[in-house]
Each structure stands twice: as structure tokens, then as C-alpha cells.
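To start, the structure under review is shown below, and the notes come after it.
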Number of protein chains: 2
Amino acid sequence: MGLKTVEWIPASSKALIPGKLRMIEQTRLPQELQFLETDRLEVIWEAIHLLRVRGAPAIGVAAAMGVVAGIQQDDAETSAALVSAVNRTADYLATSRPTAVNLFWALDRMRRVASENQHLNVPALKERLAREATAIRDEDAAMCRAIGEHGVTLLKDGWTILTHCNAGGLATAEFGTALAPVYVAKERGMNIRVISDETRPLLQGSRLTAWELNQAGIDVTIICDNMAAKVMREGKVQAVLVGSDRIAANGDVCNKIGTYGVAILARAHHIPFYALAPSSTFDLSIPHGDDIPIEERHPDEVVMGFGRRTGPEGVRVYSPAFDVTPAEYVTAIVCEKGLVRPPYGPGLRAIMEKQAT
Amino acid sequence: MGLKTVEWIPASSKALIPGKLRMIEQTRLPQELQFLETDRLEVIWEAIHLLRVRGAPAIGVAAAMGVVAGIQQDDAETSAALVSAVNRTADYLATSRPTAVNLFWALDRMRRVASENQHLNVPALKERLAREATAIRDEDAAMCRAIGEHGVTLLKDGWTILTHCNAGGLATAEFGTALAPVYVAKERGMNIRVISDETRPLLQGSRLTAWELNQAGIDVTIICDNMAAKVMREGKVQAVLVGSDRIAANGDVCNKIGTYGVAILARAHHIPFYALAPSSTFDLSIPHGDDIPIEERHPDEVVMGFGRRTGPEGVRVYSPAFDVTPAEYVTAIVCEKGLVRPPYGPGLRAIMEKQAT
């Protein structure tokens with residue numbers, strides 16, 4: 001994606017501080033591309049809370065930059081006072097989306113950097129924190145690019161890939177995970193087309209994935225989720241690429257609801273199915289995907305999702321937010337360190353150790 | 001379904017004529033149950049055109065009754081003049097939904113009955129035509145009941161079935177096809193629950209199927225299409241029941257888009273998959289399902305379906321209205337004459353001959 005989902009805009013080229021946080025206002029998509037540029041902490045809190053910025057990595061970046069925005073005008077006279085301000089600001093931002101793991105991870109990293117750098121004077125510590133926030137962004141961008149470079153080796157020129165939900169640039173700092181190989185392929189002059197499941201109930205596939213690919217000049221076609229089997233049978237799909245929220249020790253892949261069905265359809269049509277995610281998504285403490293707790297969403301997202309009632313009053317709706325694709329359906333897992341192929345137990349352990357060394 | 005989708009309401013108990021056509025206004029569902037009662041031909045034409053009444057059998061019944069409404073006040077002095085009026089009325093109604101095969105079939109039947117009964121005087125011929133229209137309705141109701149009685153033998157008390165789209169009472173005169181066994185089971189005191197795919201893009205599953213089952217006091221849960229794989233894996237589904245628009249000589253089943261995917265998912269979870277349809281749906285002139293032409297729908301149904309844009313302007317949408325489930329995925333086909341099991345080639349031929357004798 002040529003656009004930056006979240007970035008820090010310094011007021012001058014001399015220093016990162018003062019500056020503003022600039023993000024794509026995702027709730028306005030796909031109708032219009034609008035940016036939110038602000039240095040007000042409350043506005044950033046609300047942006048995370050109301051999903052103006054969404055996707056685990058992008059939320060982490062926004063939160064880290066939110067800490068910087070929150071403390072840059074702070075009148076702390078000592079570094080210790082500034083560290084307290086960082087902690088207060090992080091506590092406040094942590095309430096914006098209480099279940100987002102990446103949010104806490106990014107905020108904790110900012111707290112730690114603050115506390116470890118109390119030897120700096122106040123302006124230097126502020127600048128150090130701003131550098132850390134932009135580093136979080138740059139690391140995420142580099143990780144996505146690495147996923148893309150490993151993933152692109154699985155694709156051939158002229159292929160069409162099918163994807164589900166949005167694991168693209170809008171969910172991360174720049175390239176995304178599932179879509180990263182498509183962007184890398186584009187840079188290399190390969191012609192890769194994309195079929196995007198609209199992804200009910202929240203339509204991230206048609207609202208976001210189709211939007212960002214179209215912006216980047218990549219050929220994309222929207223289908224309803226229930227059309228995936230037909231396009232596969234018609235020979236229109238050569239590979240499935242999806243992201244993941246959590247991968248168990250045995251290689252079971254937890255991702256947006258509908259992913260499991262796509263994996264079964266891919267298998268039935270002899271199409272490879274790839275999960276692409278940073279290795280931070282691998283949770284080796286969970287032996288099987290069945291042990292991953294699945295959030296259930298509000299019925300109104302299904303039967304009132306478009307401003308008017310499309311299901312009868314009082315009828316039960318079942319709306320799990322995620323599902324688990326058993327490892328046996330996953331052709332390979334791609335992370336920033338490389339490809340993992342079955343058997344996933346030893347493969348995932350090995351790649352995690354590679355990171356640890 | 002306890003409610004009648006389309007019926008003829010005579011002004012007195014002495015004769016069918018004069019009378020009015022009464023139908024459920026389906027475009028108001030699921031928000032409110034409203035009936036349209038009219039003897040005005042233009043209103044009936046518009047009701048068919050605007051899908052206030054939909055589903056092949058229900059359209060046929062409405063059209064036949066529309067002919068009666070159209071000619072009951074006709075001042076023809078001879079039976080020959082009345083036959084001309086029948087033909088004019090039928091020609092007009094045939095323009096309401098130009099691709100609906102059942103519409104033409106019902107109108108032709110009314111023309112034929114008119115022409116074959118020219119020996120009757122004008123009032124008697126009018127009454128004869130009204131009797132034919134109500135016979136079309138009653139035959140459809142009897143056929144649905146027969147499908148239900150054959151189909152219920154496949155179900156066990158306490159089961160949950162999954163269905164896709166609306167092949168229920170709202171599509172026919174009364175009981176439907178795919179849902180008929182559920183209604184028969186209810187009459188017999190069996191406890192059958194239903195999971196209804198919402199069925200994108202037009203949401204017949206949540207708007208109509210969930211509504212009519214709920215009205216009938218049958219336990220129904222709405223899911224998004226992409227959740228079917230998960231509910232199957234959770235062991236929540238014991239059988240899949242779907243309708244069909246056309247069944248090829250080899251048993252390939254053409255039905256609403258998404259049906260093929262559901263069939264693959266059912267197979268992967270060892271769940272039986274049944275197609276239920278009148279034998280008039282069997283088209284033995286078509287050797288394979290791949291030969292069935294598939295209508296493509298307008299992109300706006302997918303990306304503008306709820307009054308606001310949910311996909312980016314200018315991005316391609318692929319929206320086939322139907323798909324074909326290969327016979328190998330179909331556990332049995334149920335029609336008003338009984339069950340057909342594989343191999344379908346000889347089975348379908350045999351059951352068609354049974355009808356011919």
C-alpha cells in the first residue's frame with residue numbers, strides 16, 4: 001500500500017518533537033480517504049476506541065505515538081515526573097480497547113523505555129520516547145515487508161489469490177501480512193490479481209481490502225463470502241492468503257470468522273492455503289486451536305448492520321468473531337523469519353528459537 | 001407455515017367469483033406482516049414485478065389468480081370474447097417477471113383451460129377459471145406437503161438442520177420445499193431446530209426463512225454464511241436441507257449461490273446434504289449441471305445493498321445468482337414422489353416415469 005496507515009509528522013526536520021499523529025480515518029472508508037491529524041490525547045483515545053484506526057499492529061503504533069502526543073507538552077521539570085506522566089498517559093490509552101493485546105504491548109514498551117532512560121533530561125527523554133514510537137512503526141513496516149518477501153516466493157506471475165477480511169496495510173503500519181506478498185509482487189512487476197471475500201458481518205473485505213488494493217493499483221474483485229466455492233471451482237483462484245490473530249503450538253490458525261470454511265473449500269479444490277502473520281502471533285503455550293477462546297459479537301452487527309433491520313425481531317443470532325482452521329488444512333505458515341511447513345509442532349518451535357538467538 | 005402466502009378470497013361462500021387476491025407483502029418482511037388484498041390487475045402485475053410475491057411456485061399461483069382478477073369484471077358477451085380477454089390478461093402478466101418459468105407455465109395453463117371450455121357460458125367459464133387458479137394453489141400445497149412427508153423420514157427428533165436461502169412457505173403456496181419436512185415434523189410433535197444462513201447478497205435467509213419459522217413457532221438461529229463451517233465443526237448441525245431451481249439428469253443441483261460451498265462443508269463434517277424440490281425441477285434434457293446457464297446479478301446488490309456504499313467505487317464485483325452442487329455431494333434428492341438416492345441418472349429417470357404413468 002502506498003499510503004501510510006499511521007505515522008508521526010514532526011513540526012520540523014530538526015526533531016521528532018513537537019509533532020502530530022496522522023492516521024487514515026478508516027470509518028470513512030470506502031466512501032472517502034480522509035486523514036485525522038492531531039496532537040490531542042483525547043482524540044487519539046477516541047480514534048482507537050471508535051475503530052478509526054484498527055488492526056492489532058496499527059493500534060499498537062497509534063497507542064505508542066499517542067503516548068508521545070500526550071507527554072510532549074507536559075511541563076514536568078524532572079525526568080521522574082515525566083516517567084509518571086508517561087505511565088498516566090499509557091494507563092489512559094489502555095482503556096480505549098481493553099481486549100487489544102498489541103495495545104498493551106506497545107504501551108508497556110513505552111513505559112519501559114521511559115523508566116530505563118531517566119538519566120536523560122526532560123527534552124532528551126521526550127525525544128527518546130518519540131524515537132521509540134517511530135521505531136515501533138518502522139519495525140512493523142519492516143516485519144510486514146519481510147513477510148511479503150518470504151510470501152512472494154509462493155506466488156507465480158499471473159496468479160489470482162483469494163483473501164478473507166483485511167490483513168492488509170490498513171491493519172498494520174504499511175504492507176499488511178496476508179497482502180504483503182501481493183504488494184511485494186507489484187513492486188517486482190509481477191501481475192497478481194486478488195479476489196476479496198466481503199467478510200460478513202463487518203465487511204472488512206469490501207470496505208478495506210478492496211479499497212487499499214484498488215488505491216495501490218492492484219486488480220481486485222469483491223465477492224460475497226458464499227461465492228468463494230464457485231470461483232474456486234471456476235479455476236479462478238491459485239492460492240488463498242489469510243492473516244491470523246493467534247497460531248497454536250500445533251499450527252492451528254485462529255483468524256476472522258469464515259477463514260476455516262475457506263480453508264475447507266481450498267482443500268476441496270486442491271488450492272494451497274497460506275496463513276501469514278508475525279511470529280509474535282505464535283502462542284506456543286496453547287497446544288491446540290480448540291483451546292483458544294472465541295469472542296461472540298452482538299447480534300445487531302448481523303441483523304442491523306446497515307442501519308435497518310434485516311432479520312426478525314427476537315430471533316436468535318449466533319455471531320462468533322473468529323474461527324480456528326486446523327493445521328491439517330494449512331499448506332504453510334509465513335512469518336517475518338521465513339516459511340514453516342508441516343509438521344508445525346517442531347517447525348514453529350524452531351522458528352521461535354531462531355528469533356530468540 | 002401457518003400463514004398462506006397467496007390465496008383467493010371469494011366475496012361470498014356461494015361462488016369463487018367475485019373475489020380478491022390476498023398475499024403476504026414480502027418486501028415489508030421482516031419488519032412487519034402486512035397483507036396486500038386486491039382485485040386490481042395493475043396492482044397484481046406490480047406485486048410480481050417488485051417481488052412483493054416471490055419464489056417460483058408462489059409467483060405461478062399469483063399469476064393464475066391475477067388472470068381471474070383481471071377477467072372477473074370483464075363485460076364479454078360471449079365465451080370466445082372472454083377467451084380473448086384471458087389471453088390479453090395473460091400476455092400482460094407475462095411481462096411482470098420475464099425470466100420466471102413458473103409464471104409462464106401457470107399463465108399457459110389458464111389460457112388452455114379457457115380455450116378448452118368455450119362451451120360454457122360466460123359466468124360459468126369465469127367460475128371455471130377461478131377454480132383452476134385455486135387448483136394450482138392447492139396442488140402446490142399438496143406437493144409441498146408430500147415433499148415434507150418424504151423428507152421428514154430423513155430427520156430424527158432433536159436434530160438441528162441448516163438451510164440456505166428461502167425454500168420455505170414464502171416461496172410457495174404454503175409449506176415450501178426445503179422447509180416442508182420441518183413443518184411436518186412440527187405437526188408430528190418432533191422437535192427440529194433450524195440454523196438459517198443469512199444468504200448474501202439479498203438476505204433471504206435472515207429476512208424470510210428466519211421470519212417464517214419464527215412465526216410458526218420453530219426454533220431458528222441466524223448465522224452469516226461464513227459461519228456455517230464453524231457451527232458444523234461444533235456439532236450443531238445434523239443435516240443440511242436446501243431447495244433447488246433446477247436439477248440436471250446426472251443429479252447436479254442448481255440452487256442459490258452459496259449452496260455448493262455448504263455442500264462441501266457438510267461433506268467435510270460427515271453431515272448429510274439433501275436437496276428438496278418438486279419433480280418439475282428435474283431437467284433431464286440437461287446432462288450436467290455445468291450446462292446450466294447462471295445469471296449474474298448487479299454489483300449494487302453486493303456493495304450498495306443496504307442503502308449505503310460498502311465497497312469502493314469502481315471496483316469490480318462478481319455476483320453469480322446461483323451455483324451448481326455436483327451430484328457427488330448430494331446424499332439424496334427429495335421430491336413429491338419420494339426419495340432418490342445415487343446413482344441419480346437411473347433414479348431420476350425412474351421417478352419421472354412414475355409421474356408419467
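Naming convention: chains lettered A, B, ... in sequence-line order (proteins, then strands); numbering from 1 in each chain.
Remark: of the listed residues B:D225, B:T259, B:N226, B:D225 is the sole one forming a side-chain hydrogen bond (donor to acceptor under 3.5 Å, both in side chains) with A:N226.
Looking at heavy atoms from C-beta onward, B:M227 lies in side-chain contact with A:P201 at the 4.5 angstrom threshold. Looking only at side-chain heavy atoms (C-beta outward), A:D323 and B:R233 stay at 4.5 Å or farther from each other. Contact annotation: the side chain of A:P312 approaches that of B:I222 to within less than 4.5 Å [non-hydrogen atoms, C-beta and beyond]. The closest side-chain heavy-atom distance from A:I264 to B:R267 is not below 4.5 Å.
In this structure, chain B has a heavy atom under 4.5 Å from the side chain of A:R308, while its backbone stays farther away. Using a 4.5 Å cut-off between heavy atoms, B:Y329 touches chain A through its side chain atoms alone. Proximity to chain A (any heavy atom under 4.5 Å) is restricted, for B:V303, to the side chain, taken from C-beta onward. Looking at A:V302, both its backbone and its side chain come within 4.5 Å of chain B, counting heavy atoms on both sides.
Cation-pi geometry between A:K230 and B:Y318 is not met at under 6.0 angstrom from the ring centre and within 45 degrees of the axis.
Heavy-atom minimum distance, B:R309 versus A:Q31: O-NE2, 3.4 Å.
The most heavy-atom pairs under 4.5 Å with chain B, out of A:H164, A:E313, A:R207, A:E198, come from A:E198. Of the listed residues (A:S319, A:P299, A:C224, A:G314), the one with the most heavy-atom contacts under 4.5 Å to chain B is A:C224. Ranked by heavy-atom pairs under 4.5 Å with chain B, the list A:D219, A:L213, A:T199, A:I195 is led by A:D219. Contact count versus chain B (heavy atoms, under 4.5 Å) is highest, among A:S206, A:G205, A:G261, for A:S206.
Summarising the geometry, atom CD belonging to B:E234 is positioned 8.5 Å from atom CD1 belonging to A:I294; distances are rounded to the nearest 0.5 Å. Note that CG of B:L29 and OG1 of A:T310 are 12.5 Å apart. Values are rounded to the nearest 0.5 Å.
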